[in-house]
Amino acid sequence: MPSLPAVKIIEDRQALALNWPDGKIHRYHGIWLRDNGQDSSSRDPNNGQKKFSVADLTLDLEIVSAKVADNRLQIEFSDSTETWLDLEWLKQHHYDRTEHPKLINQALVTWDGELDPSTVTGRYSLITQSKPALAEWLKWIAVYGFAILKDVSDQPGKLFDVVDLFGFVRETNYGRLFEVRSEANPVNLAYTRDGLDPHTDNPYRDPVPTLQILHCIENDANGGESVVVDGFTCANILGQESPAHFDLLRRHSASFEYQGDGTSSLHACRPIIEVSPEGQLLAVRVNNRSSGPLTGVPYENVPEFYAAHAHFAEITRRPELAVQFRLAQGELFIVDNTRVLHGRREYSETGSRWFQGAYADKDSLQSTIRMIEGNNR
Ligand code: FE2
């Protein structure tokens, strides 16, 4: 039996406070409670969707009565409407906080080169047989921004089976799947034997693909190790070393473009460091190969913007921030492309290195975690 809160109407009946037995007090406005009412005239009982618009709400709504019964908060309002809200739901969704959100969402774990990649390495046979094991692997992607999967098989196209475990392929002009191996006249510098600086993919898209999967079909060349860098760690370091540089990359848009295959002309203007209105990091965009002309920065800020951009790029190259691993045939890794940069070391003329790549998106991944864990409301 969960312990129940005491209810007190406050602020001239505009709000109420729930006093929980553990001492926590959460205040809720009447209009917020009305807007989130869970009765069947407020929300469709089958799909949970709201049945009214914010424009229909009474803005000076007062709370006439409020009581706790049947694990619900039951409320009558001054416009003669009534509703109820589940108490546990109210606890999970309270907004009465004094602390400001931190730059980095506290649900995330940021890391540097000390991270042992085995921390985020799962096995295909396990995640295909156990939903909790699948949720654990997906949560590594959500929390660390990347994960590795062993024993997938070296069958071309097998990465689609992995995407099917949590979501949907994002098809692009590169196809549903793209081949990453050296080519004579590559449309993209990724298709050479050269090393690639850590980067995020496709910043010239709007929106960017939020997940990338790279599956190793063959890897017997010398070199070609995979490298990942936590872009949020890099942004945090930039902010500590130069708040002014951080601010420039946050406040102004850079431009990114791609027309390498002759059939596409992709262009997007977005900040290199994207921060929410509440001050929390949302995304980084790091890709010198796709960098376009800077036209959105005021004339007087351009020299300092270059200094800030160069500073951030230098941080992303610091060896102590990079986690390096070598994918064996039949293994894959997946990155949160809004956060974690990926790259590779150069590889030799002899031997072959053949990866297949695909894009997908984080919303389905998060949804799959919630569905497995039963937190779907
Ligand atoms: Fe890439």
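Just so you know, ligand 1 is whichever comes first in the structure, and atom 1 is the first atom listed for that ligand.
- Donor-acceptor pairing under 3.5 Å is recorded for the side chains of Thr81 and Arg34.
- In this pair, His94 and His26 present their aromatic rings parallel. The plane angle is below 30°, not in the 30 to 60° band.
- Note on ring orientation: taking the six-membered ring where Trp is involved, the planes of His29 and Tyr95 are parallel (angle under 30°, cut-offs 30° and 60°).
- Lys158 and Ser153 get closest at one heavy-atom pair: CG-OG, 3.7 Å.
- When Ile63, Asn36, Leu16, Ile10 are each tested for a side-chain contact (heavy atoms from CB on, under 4.5 Å) with Tyr28, only one passes: Leu16.
- The only option from Val227, Val229, Leu341 that meets the side-chain contact (heavy atoms from CB on, under 4.5 Å) definition with Leu321 turns out to be Val229.
- Around the Fe ion (ligand 1), the protein contributes the following N, O or S atoms under 2.8 Å, ordered by chain and number: His199 NE2, Asp201 OD1, His342 NE2.
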